[in-house]
A.B. asks: 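Below are the structure tokens for one structure; questions will follow.
Counting from 1, the numbers follow the sequence of the chain as shown.
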Amino acid sequence: MQKSIFTRYLSITMAIVVLSFIMLGSVMMLFFSQYWRNEKQELLTQNAKSIADLSSVFLSKTGEGSYELQTNVLKGFINTFSTSIDADIFITDLEGNILLGNYPNSKLNAPQTVPKQTVAQAAKGMYESRNTFGGLYQSAFYIIGVPMYADGGALCVGAVFATTSSATVNAFQREAIQMFLVAAAAALGVTFCVVGAFAYRLVKPLRQMSAAARSFGGGDFSVRVPVTSADELGQLALSFNNMANSLSNSEGTRRSFIANVSHELKTPMTTIAGFIDGILDGTIPKEQEDKYLHIVSDEVKRLSRLVKSMLDLSRIDSGELKLRPIHFDITQTVVTTLLTFEQSIDEKEIEIRGLEDAAPQMVWGDQDLLHQVVYNLIENAVKFTNQGGYISVQISDGIDRTTVVIENSGQGIAPEELPMIFERFYKTDKSRSRDKNGMGLGLYIVRTILKFHGGDISVSSAVGKFCRFEFYIPKPQEAPKLKDTGSFKLKDTGSFKVKETGFRSKPKDKKEPKQETERSNKDDG
């Protein structure tokens, strides 16, 4: 079974801690053992020398080169020394014969001799070893031997040995190990709890993200991960929630788009099929066929616009949208587009402002794509302008850009909806409740086209008053020199005359009744 991050983290951490304790314990045991040996060696050496010095006082000369030890007085001192340091003490002559001794550490039963070679080594100045002392002991003992002098240190007459069992070292080591193990077990327990709690807290956001991701896979985008810290995990949780919000919005947009597309396709197709079936089976009278065929034509155009928007969107997503820039007159594009909506402008009695002073303005860009930008903006302006309202157009030339402003009166757009109107498939019901034909793709395509040209678009609105779109087209540094392309003149528009009072009005040099002017304009259209 695959281990979780929590299990692996906890296992690795505890393994490192245990290994650290083992290394620390080994070093400590080695240090303590060495320290104990040095201390024991120093204690035995000091006491052996003290007894050797004391013994020289109790030596009496019995002949030339021979001495006798007064053991009766010295015995009490030796017993006291050996008992206080828990060591066996031997006083020997140079032949290895034991002159006096006390054995509280080993409980020896009156030994008589010690190895002569050992005495010889001690008589040279110092003897130190770990052995059975010539078979006197069943196990190894620490043995320290020092010389015993007579005549004020002029003559070595014997040796003093102090021995202690190595079992005391082992006992010390066992006690130290037991203490260390108890402390290590307590430390490991505390470490396990602390590391476990920390690891659980560390992994908990990841588990929550994993559960949330599984929910996302099942189509539920409502799950969010709590952000409980400001560290890397907190930032990851915050980014994860932002991603979830984006996915949720995308999913909502996708569902809304599918629903809208289904509705937009179903409605005209149902209308077209119903009217055509009515004509074919005779339900619709002959004299009304033209009327319903016009309705069918409008619905077909509506389907065509929808398909075109979808194709444009597909080209944008696939990166197939290519620019074919030329020099053209953006003012002419605006006026031509307004003429396209002349009938709707007349029906709503919309006043057109700003064209009375408009002059030809050359730009460098894809004429077809920028025409689509102007068309979409003017279509929205006409669609949402109130009865008897106005549409204002301003075209200005700057140092590095050409700016076009299209403003219309009407209900406007709510402030909270302004940041979203350029998003794909976005379509609000509050400020665009009369938008029955749109799919929420027009403004997204508009901004994308302008971005491809290096420009951009912005929107401002006052609810119940106006809505203003402003876009600009940059002037490229190395674009060909602008030249006159024979653009139109406003006085030659034919279908309407422009002045500050409205889109359709009489010329300044004629005074005709309003009804005749309107009839003339309709005839010209």
Side-chain angles (χ1 to χ4, degrees), residues 33-172:
S33 297
Q34 188 64 36
Y35 177 79
W36 187 93
R37 291 189 185 97
N38 293 337
E39 287 291 314
K40 202 69 173 177
Q41 176 185 348
E42 183 177 357
L43 178 64
L44 294 176
T45 302
Q46 289 178 352
N47 281 272
K49 289 182 177 180
S50 298
I51 294 173
D53 294 339
L54 183 63
S55 298
S56 63
V57 176
F58 293 94
L59 287 173
S60 58
K61 191 172 183 180
T62 59
E64 186 68 25
S66 62
Y67 292 85
E68 181 180 358
L69 184 65
Q70 300 176 12
T71 60
N72 294 332
V73 179
L74 186 60
K75 185 174 182 180
F77 289 102
I78 293 178
N79 292 341
T80 302
F81 271 98
S82 63
T83 303
S84 63
I85 64 174
D86 191 24
D88 293 350
I89 295 179
F90 301 82
I91 300 177
T92 68
D93 59 15
L94 294 178
E95 299 298 324
N97 298 315
I98 298 176
L99 303 177
L100 183 63
N102 191 49
Y103 320 109
N105 189 260
S106 63
K107 309 299 182 183
L108 289 177
N109 186 17
Q112 300 298 315
T113 62
V114 297
K116 187 176 180 180
Q117 65 273 19
T118 302
V119 177
Q121 293 180 18
K124 293 178 181 179
M126 181 72 175
Y127 174 81
E128 178 184 353
S129 181
R130 182 181 180 185
N131 53 55
T132 60
F133 208 9
L136 289 179
Y137 299 118
Q138 299 296 323
S139 60
F141 270 57
Y142 285 104
I143 304 172
I144 297 295
V146 296
M148 182 176 63
Y149 296 98
D151 294 337
L155 179 65
C156 180
V157 296
V160 176
F161 293 93
T163 67
T164 187
S165 175
S166 60
T168 57
V169 178
N170 297 332
F172 172 80

A.B. asks: Is any side-chain heavy atom of I98 closer than 4.5 Å to one of I91?
C.D. replies: no

A.B. asks: List in chain and number order the residues that pass side-chain contact (heavy atoms from CB on, under 4.5 Å) with Q46, two or more places apart in sequence or in another chain; answer none if no residue qualifies.
C.D. replies: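 Scan of Q46 (side-chain contact (heavy atoms from CB on, under 4.5 Å), adjacent residues dropped) gives E42.
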
A.B. asks: Write out all pairs satisfying ring-ring contact (aromatic ring centres under 6.0 Å, His included) with one or both partners inside residues 91-116, taking only residues at least two apart or from two chains.
C.D. replies: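 Passing the test, one end in residues 91-116: F90-Y103.
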
A.B. asks: Going by atom type alone, with no hydrogens or angles, which donor-acceptor pairs under 3.5 Å involve a side-chain atom of residues 108-120 and a protein atom two or more places apart or on another chain?
C.D. replies:
residue, atom, partner, partner atom, Å
Q112, NE2, A110, O, 3.1
K116, NZ, E95, OE1, 3.0

A.B. asks: To the nearest 0.5 Å, how far apart are NZ in K49 and CD1 in I144?
C.D. replies: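 Going from the NZ atom of K49 to the CD1 atom of I144 covers 9.5 Å.
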
A.B. asks: Take F77 and I51, measure what side chain to side chain contact (heavy atoms under 4.5 Å, CB included) needs, and give me the verdict at the end.
C.D. replies: CA-CA 8 Å; F77 289 102; I51 294 173; over 6 Å; no

A.B. asks: So, for A123 and C156, which heavy atoms are closest and what is the spacing to 0.1 Å?
C.D. replies: CB-SG, 3.7 Å

A.B. asks: State, to 0.1 Å, how close A122 and A159 come at their nearest heavy-atom pair, and which atoms those are.
C.D. replies: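 Taking every non-hydrogen atom into account, CB-CB, 4.0 Å.
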
A.B. asks: Ignoring hydrogens and angles, write down the donor-acceptor pairs under 3.5 Å from the side chains of residues 132-139, residues two or more places apart or on other chains.
C.D. replies:
residue, atom, partner, partner atom, Å
T132, OG1, G135, N, 3.4
Y137, OH, D88, OD2, 3.0
Y137, OH, T163, OG1, 2.7

A.B. asks: Check whether any side-chain heavy atom of L43 sits under 4.5 Å from a side-chain heavy atom of E39, and report yes or no.
C.D. replies: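 A side-chain contact under 4.5 Å is absent here.
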
A.B. asks: Applying side chain to side chain donor-acceptor pair (under 3.5 Å), name anything that partners D93, two or more places apart in sequence or on another chain.
C.D. replies: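 Applying side chain to side chain donor-acceptor pair (under 3.5 Å) to D93 gives N97.
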
A.B. asks: Any side-chain heavy atom of I143 sitting closer than 4.5 Å to one from Y127?
C.D. replies: yes

A.B. asks: Walk me through whether S165 and F141 qualify under side chain to side chain contact (heavy atoms under 4.5 Å, CB included).
C.D. replies: CA-CA 4 Å; S165 175; F141 270 57; 3.5 Å; yes

A.B. asks: Run the side chain to side chain contact (heavy atoms under 4.5 Å, CB included) check on T83 and N102 step by step: do they pass?
C.D. replies: CA-CA 9 Å; T83 303; N102 191 49; 4.2 Å; yes

A.B. asks: For the residue pair A150 and V157, what are the closest heavy atoms and their distance?
C.D. replies: CB-CG1, 3.8 Å

A.B. asks: Only counting residues at least two apart or in another chain, list the ones meeting side chain to side chain donor-acceptor pair (under 3.5 Å) with T92.
C.D. replies: none

A.B. asks: Could you tell me which non-hydrogen atom of S55 sits nearest to which non-hydrogen atom of M148, and how far apart they are?
C.D. replies: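 Minimum heavy-atom separation between S55 and M148: CB-SD, 3.4 Å.
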
A.B. asks: Could you tell me whether the side chain of T164 reaches within less than 4.5 Å of the side chain of K40, counting heavy atoms only?
C.D. replies: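 Yes - at least one pair of side-chain heavy atoms lies under 4.5 Å apart.
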
A.B. asks: Can you measure from CD1 (I89) to CZ (F81) and round to the nearest 0.5 angstrom?
C.D. replies: 7.5 Å

